[in-house]
Asker: 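If you scroll down you'll find the structure; I have some questions about it.
Numbered from 1 within each chain, the chains take letters A, B, ... in sequence-line order. This structure is a prediction, so every number in the text was calculated from the model and none was measured.
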2 protein chains.
Amino acid sequence: MSRKRSSIDLGSMQSEEGMSGSGRDEAIYRNLYAAIVENHLEPGTKLPEDTLAEAFGVSRTSIRKVLQRLAYERLVDIRLNRGATVAQPTVKEARDVFAARRIVECGVLGQVVAKATPARLDALREIVRREHEAEARGDRRESIYLSGEFHVALARVSENEAIADFLAGLVSRSSLVIATYGAPMAGSCRHSEHDAVLDLIAAGDAEGARTWMERHLKDVERTVVLVEEEPTATDLRKILDDVARRHRGER
Amino acid sequence: MSRKRSSIDLGSMQSEEGMSGSGRDEAIYRNLYAAIVENHLEPGTKLPEDTLAEAFGVSRTSIRKVLQRLAYERLVDIRLNRGATVAQPTVKEARDVFAARRIVECGVLGQVVAKATPARLDALREIVRREHEAEARGDRRESIYLSGEFHVALARVSENEAIADFLAGLVSRSSLVIATYGAPMAGSCRHSEHDAVLDLIAAGDAEGARTWMERHLKDVERTVVLVEEEPTATDLRKILDDVARRHRGER
DNA sequence: ATATATTGTTTTGTGTACAAAACGAAAATA
DNA sequence: TATTTTCGTTTTGTACACAAAACAATATAT
């Protein structure tokens, strides 16, 4: 009756169009992606190929492909002969990501306003509704996730895939930034004002929507990056402390 | 004396920092990248793993990694069980890429103006100079290449890596678009006015630079995409012709 | 004659094997 | 005691092998 430890259930794949790899690879990718972006895996966590291969019940070959893809998206870091770890965005990187979001999200709003329809706006309001719901019951993870979803869904209204896909990448990196530098309750303190921008868009006020979005993104960045610096500082600090202690003749 | 056909010389690699894969993979990537972007490989060309593996003197494993990366950058197309081909951007894709470039390149100009220094502007003018030189001697390939270089180098002045890398991807895709839909002498007819934007930037006129850039990119798009439609049309046309001929009782 | 079935060949997908590099702990040295 | 060296273990990089899918060309049937 002793059976090998069962592998992770990857769920069922439905539509398989436009996918580069096999359905299974895609499923593994989604799992890892979610684990990283939803902050179940702390930045810096090592991701050994063997472990993942066993966990998902495949060979290292498939895992490698998935890790390469995540590395390209900057969600994991691969160093030569050293394997993969969950990425730890630097402060500079974090700033770049938010600056990029300002440029892209504000820039695309013209097309968004042009292509907005009542049906699409309703779909967006539905996301905001779920966002408030999650916020109300204190589900921070879901709240952050839905906030990201909103920004991406908004961009997709423009029907520009190049821009929307790029923004999706920036948003997932933002999640990593929040995980690394975020204040304990960032994102939930100031309850989301996403409804406001939808009103402006519905009114056809592209310029107003732009200034609103610029403000909103700067707010988000402020609640996050300003808590900055921690990563390598720990090691350095410990070393300096040790040196000082030894100088004082302790121990 | 019969020796196996020698493999492609990959040149020498110098600095190897910040590279995800081994130096050899990177070299292979660069070669294929250049071959595609410089239009030595026509869009739609099949890229069989075995052939590439033998050509570069490595196993399929390494080739696969490189192809995956190029697929992620949308320069090659990988279909399940069907292998890789040089990507053939659709018209919609082409429009998206140019729209994205307008958003990104105009959006980043604020930071570009803010961070511009005489030294950096000189480096940009040097690129423009070489551009004119290539143009003067009728080297269309080099001219197109340097034009792309200019746009990317300009964006890099902003020191926003996220934005600059994204733009680099858009520019390489633009090359593919030109290869697919470009008029025979697109890009060289209207000799590049890149100097003008540098003057505006040097003068600190961000708004002026933006309107100039918007205009410039719309011009470029016009010389290219408007010649549109050819890809699947060929097959369909041939079929219809055959049907018509048969109907007429010929052959 | 067109359309369908069949079969042999080519090419891709994925697992496995082995060499090289990095890591960690114990032993040697200062 | 602190540092360096060495050696065994773990983990990654790359080639290779085999199965499954696609492709191409011929044969068969309508």
Asker: Identify all pairs in which a protein N or O lies below 3.5 Å from an N or O of nucleotides 18-21 of chain C, and state each distance.
Answerer:
residue : atom : partner  : partner atom : Å
dA21(C) : O3'  : Asn81(A) : ND2          : 3.3

Asker: Glu38(B) and Arg141(B): which non-hydrogen atoms are nearest, and at how many Å?
Answerer: O-NH1, 2.8 Å
Asker: Nearest 0.5 angstrom please: Ser62(A) OG to Glu49(A) CD, how far?
Answerer: 11.0 Å
Asker: How would you list, by chain and number, every residue that makes a salt bridge (Lys or Arg N to Asp or Glu O under 4.0 Å) with Asp139(A), sequence neighbours excluded?
Answerer: Arg137(A)
Asker: Quick one: list whatever passes side chain to side chain contact (heavy atoms under 4.5 Å, CB included) with Ser175(A), sequence neighbours left out.
Answerer: Val37(A)
Asker: Between C1' on dT11(D) and CG on Leu47(A), what's the gap in Å once rounded to a whole number?
Answerer: 13 Å
Asker: Quick one: which residue pairs count as a salt bridge (Lys or Arg N to Asp or Glu O under 4.0 Å) with a foot in residues 146-157 of chain B, not counting sequence neighbours?
Answerer: Arg156(B)-Asp165(B)
Asker: To the nearest Å, give me how far apart CD1 (Ile63(B)) and C1' (dG13(D)) are.
Answerer: 15 Å
Asker: Show me the pairs that pass salt bridge (Lys or Arg N to Asp or Glu O under 4.0 Å) and involve residues 166-177 of chain B, at least two apart or across chains.
Answerer: Glu93(B)-Arg173(B)
Asker: Could you give the NZ-to-P distance, from Lys65(A) to dT14(C), as a whole number of Å?
Answerer: 6 Å
Asker: Taking only residues two or more places apart in sequence, or in another chain, which ones meet Arg120(B) in a salt bridge (Lys or Arg N to Asp or Glu O under 4.0 Å)?
Answerer: Glu159(B)
Asker: What is the distance, to the nearest angstrom, from the CG atom on Asp50(A) to the C1' atom on dT10(D)?
Answerer: 9 Å
Asker: Specify the separation, in whole Å, of atom CZ of Arg79(B) and atom P of dA22(D).
Answerer: 11 Å
Asker: Between atom CD1 in Ile28(A) and atom P in dT14(C), what is the gap in whole Å?
Answerer: 9 Å
Asker: Can you tell me if Lys46(A) touches the phosphate of dT12(D), counting only side-chain N or O atoms and a distance under 4.0 Å to OP1 or OP2?
Answerer: yes
Asker: dT14(D) P sits how many Å from Glu54(B) CD, rounded?
Answerer: 19 Å
Asker: Report the nucleotide, chosen from dC23(D), dT12(C), dG15(C), that has the shortest atom-to-atom distance to any side-chain atom of Arg82(B).
Answerer: dC23(D)
Asker: Closest nucleotide of DNA chain C for Glu49(B) versus for Thr61(B): which of these residues is on the 5' side?
Answerer: Glu49(B)
Asker: Rounded to whole angstrom units, what separation is found between the CZ atom of Arg64(B) and the C1' atom of dT11(C)?
Answerer: 10 Å
